[in-house]
Every structure is written in C-alpha cells, then in structure tokens.
Protein chains: 2
Amino acid sequence: MSVARQRLVETARDLFARHGIPNVGINQVIAAAKVARMSLYNHFASKDELVLAAFEAEAARRRQAIEAAQADAPTPRARVLALFDVAEALASEAGFRGCAFLNLAVETAAPESRGHALARRHKEWIRDNLAVQLRQAGAAAPEALAEQILVLWDGGIVGAYVRRTPAPLRAARTAALTLMSQAAAG
Amino acid sequence: MSVARQRLVETARDLFARHGIPNVGINQVIAAAKVARMSLYNHFASKDELVLAAFEAEAARRRQAIEAAQADAPTPRARVLALFDVAEALASEAGFRGCAFLNLAVETAAPESRGHALARRHKEWIRDNLAVQLRQAGAAAPEALAEQILVLWDGGIVGAYVRRTPAPLRAARTAALTLMSQAAAG
DNA sequence: ATATAGATAGACCGTTCTGTCTATTTGGAG
DNA sequence: CTCCAAATAGACAGAACGGTCTATCTATAT
C-alpha cells in the first residue's frame, strides 16, 4: 500500500465524516492529503470508490474504539454500557455529526448501493457484539435484547446530534439498563 | 397564497423527502410542479428558503398523521404505541428514506442553521406529545420516559432504513412497552 | 376596455465539481 | 548508472447547478 494511498484514505475518512460526503470535493481531499490529483485517480476509479475505502477505514476505527472501551470492562453488562460511553465521548467532540454510517446511508441515496451495505454491515456488527455480551450476561433472549439496545444506541446518537445535547444518549443508557435488569429478572 | 406557491411547496416537500435535498435540483422541482422558474424566485429568495417551507409543510403533515392515529386510540398507552404504528406504516412505503428531519439535519451541515432548528423543534414536539400521554398514564417520571421512548422511536426508524427491515421498529415497540410497564410497576 | 400584478418560457451567466490528459520529476531496484 | 513505475502540477473538458434577466402572456378588478 503506497503512502499516497494511505494519506488519501485517512484524509478522506476524516473529511467525509466531519463534513459530509457531498460537502467535501476532490480538490479539498487532495489538498489536505498533499497528493496530486492523478494519484487519487490512479488508486481509485472514482470519488465513490474513495468514499467506500474511507468508510471502511472509519468502520475499522470505530470497531477498535468499541473493543478498546470494552477491554477495560469487568462484566458483560459493563461491556454493553461501554458502547454508550463511546457514543457519549463521540458526541462531546467538536464537529460531532451523528453516526457516520447512518449519514453515509442518507447521503448515498440508493438503498442497494455498496455504501448502504457497508452501513448495514457495521450496524450488524454492533448488534452481534451486543448479543455476545448479553448472552454472557445470561439474558433470556440475547438477540432480541441486542436489537433493542442497538435501537437505543442509534436513537441516542441521532438525538444527540439533532438536539445538540447529550440528554438522548443519557436516556438511552438508562433505558438500556432498565431493559437489561428486566431481562435478568424475568 | 397563490396556487403556484402551493404547488411549489407541495412538490418540493415530496421530492426533497423522497430523494434528499442535494439530489433534487431546482429544475426538477419546477418541472414537476409545472411552474416557471421565475415563479419560484418570486416566492422564495433561494433554494434554501424553499427547502425550509417544504419541510415546514412536511412537519405539519407528520404531526397530523400522528394525531390522526392517536385519535382512534382509547388509552394513553395505545396513543404512545400509535406513534410506532405511524413509523411502521411509513417504513413500509416504497422509497422509505428514514426520518426526513434527521436527514434534513444531516444534509444541511451547519448545526446552527434554520433547517437544523426545524428538525429539533419537530423532535421536541414528539417528545412533548409522548410526555402528555405518559403523564395521563400515570408514569412516575413522564418526561424522562418520554425522552427514552423518543430515542426508541428515532432509533427504530433509522434502523429500519439502514437495514431495510421492520425489525428495529418492532424491537423499539417492544422495548417501549417494557419501559412503560416498568414505569407503571415501579 | 384597460390597467396591473402575477405567471410563463427560455436564454444566459458564473460557479463548482468530477474526471481526463500531458509533460515532468522523483526514487528505488537491478 | 539506468530504467521504470509511481508521483507531481496544472491545464482542460464536460456537465450540473443556482440564480438572473427579458420579453410575452393571462387573468382579474375597476
């Protein structure tokens, strides 16, 4: 992997996530990456291909952040809550724009596009991660509960973005705790 | 209100919601509305102004849909669930693109923009509507619970969009029921 | 019947954007 | 040293878009 390509992907990942795909032009990317225009088109057939590579990198980054936060957690329940810690940390950053993958799905209109599929895969990874923790916690129906907590997570993130307050994420965390307690008791 | 203006707002509301703001050009709007280019610019200073008017109309439409669904519901709890019925009906339509207001916030990058504020107001209206029902249902902390159920609603909608299945909305509904039962019992 | 305000069609302008082409330079392997 | 692949700068094309301008038409109210 050439250094020019690495710089392109990393720069594009940052710019697309922070400002949105249609708001970042090719010229911006190559200027920020300090790379020639033709270097981009030697490595990627089009802007769309660069977008896909950038969001694959973003997905890997997010998975690592989640796993790092979970590594410190002693119990399955704490590993579930770690996801909300990651989201709150993200939401407190300047230029927070919600979930990059939900935005990707919105900005690449076609539902059968590869960008949409990438977003879907990322969400399924999170749901499966949650299901693993919940199974370890002994929940009665770990998959169903994982689906519910993923909904809370997504809703908390988009709510925090649109309302510009961490309140939805706090509410999501509280609700997740309630659901987990209910699942353990029932 | 002139007929040309009405047709513009209604057409723009439909097109922007179904295809996304950046994907719908002025030419498309005026062609679909069968209105002259200058009629648009006589009523609206710019595309942004048309976008705002269109989404104000969309917000009114959504509020009406929710209130209509709630009108048939006999109990406060049923009126809360009516919101999820509305969302599921929306998600089952062809060309479903998630929540138009979350998309508006994403597509109008600036968080201090009027579009962003419009989306925020719409979400707050839904939260307040939920709080009214939950207070009537005798929940211990209706505002906090309303916040949690709004999170479930948003998360269910975006999940249904990105994963192209009603599963997240069903999970959201189930979780809302659990939280309401918990709040009544506790 | 006429005046007036609004609607119409369409040419036009400037900007922005993606993507191509060319000519030149760099750097590492044989 | 030489060669070759990759990187570079920048001009250029082609298209789409938002927005302006003009000249014509239509309908309604007096």
Side-chain angles (χ1 to χ4, degrees), chain A residues 1-57 97 103-104 106-110 113-116 118, chain B residues 1-57 97 103-104 106-110 113-116 118:
Chain A
M1 181 118 69
S2 88
V3 55
R5 185 193 165 100
Q6 276 181 331
R7 272 216 307 272
L8 276 170
V9 171
E10 177 53 25
T11 306
R13 185 198 63 73
D14 178 61
L15 289 177
F16 288 146
R18 279 200 296 129
H19 303 116
I21 299 166
N23 301 325
V24 175
I26 288 297
N27 295 326
Q28 262 180 277
V29 175
I30 62 177
K34 295 198 205 324
V35 152
R37 190 180 205 72
M38 278 311 291
S39 296
L40 193 162
Y41 285 102
N42 283 334
H43 288 289
F44 303 96
S46 65
K47 179 183 181 180
D48 280 349
E49 297 293 324
L50 175 63
V51 166
L52 284 175
F55 276 86
E56 288 283 6
R97 244 177 67 87
N103 296 354
L104 173 66
V106 168
E107 289 171 342
T108 68
S113 68
R114 288 157 67 190
H116 211 105
L118 198 161
Chain B
M1 181 117 69
S2 88
V3 56
R5 184 192 166 100
Q6 275 181 332
R7 272 217 307 272
L8 276 170
V9 171
E10 177 55 25
T11 306
R13 183 199 64 71
D14 179 59
L15 289 178
F16 288 147
R18 279 200 296 129
H19 302 116
I21 300 166
N23 301 324
V24 175
I26 289 296
N27 295 326
Q28 260 179 278
V29 175
I30 62 177
K34 294 196 207 321
V35 153
R37 191 179 202 72
M38 277 311 292
S39 296
L40 192 164
Y41 285 101
N42 282 335
H43 289 289
F44 303 96
S46 65
K47 180 184 181 181
D48 281 349
E49 298 292 326
L50 175 63
V51 166
L52 284 174
F55 277 85
E56 288 283 6
R97 246 178 65 89
N103 296 355
L104 173 66
V106 167
E107 289 171 341
T108 69
S113 68
R114 288 157 67 192
H116 211 106
L118 197 162

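Order of the sequence lines sets the chain letters (A, B, ...), proteins ahead of strands, with each chain counted from 1.
- A distance of 8.5 Å separates CD1 of A:I26 from OG of A:S46, quoted to the nearest 0.5 Å.
- With contacts defined as side-chain heavy-atom distances shorter than 4.5 Å, the pair B:F16/B:L104 does not qualify.
- Residues satisfying the side chain to side chain contact (heavy atoms under 4.5 Å, CB included) test with A:Q28, not counting sequence neighbours, are A:V24.
- Evaluation of the salt bridge (Lys or Arg N to Asp or Glu O under 4.0 Å) rule for B:R7 yields no partner, not counting sequence neighbours.
- In 5' to 3' order, the nucleotides of DNA chain C bounding all contacts with chain A (an atom under 4.0 Å from a heavy atom) are C:dT18 to C:dT22.
- Evaluation of the salt bridge (Lys or Arg N to Asp or Glu O under 4.0 Å) rule for A:R37 yields no partner, not counting sequence neighbours.
- Note that the CG atom of A:L118 and the CG atom of A:L52 stand 6.5 Å from one another [nearest 0.5 Å].
- Between A:S39 and D:dT8, a side-chain N or O to OP1/OP2 separation shorter than 4.0 Å is present.
- Taking CZ from A:R5 and CG from A:L50, the interatomic distance works out to 9.0 Å, rounded to the nearest 0.5 Å.
- Looking at heavy atoms from C-beta onward, A:F44 lies in side-chain contact with A:L8 at the 4.5 angstrom threshold.
- Using a 4.5 Å cut-off on side-chain heavy atoms (C-beta onward), A:Q6 and A:H43 make no contact.
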>> Generate the contact string for nucleotides 14-24 of chain D. Rules: B means base contact, S means sugar-phosphate contact only, - means no protein heavy atom under 4.0 Å.
In response: ----BBBBB--
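- Each end of the helix from C:dA1-D:dT30 to C:dG30-D:dC1 gets its own rotation axis from five pairs of C1' atoms, and the angle between them is 10° to the nearest 10 degrees.
- Between B:E107 and A:R97, no side-chain nitrogen of the basic residue sits less than 4.0 Å from a carboxylate oxygen of the acidic one, so the salt-bridge criterion is not met.
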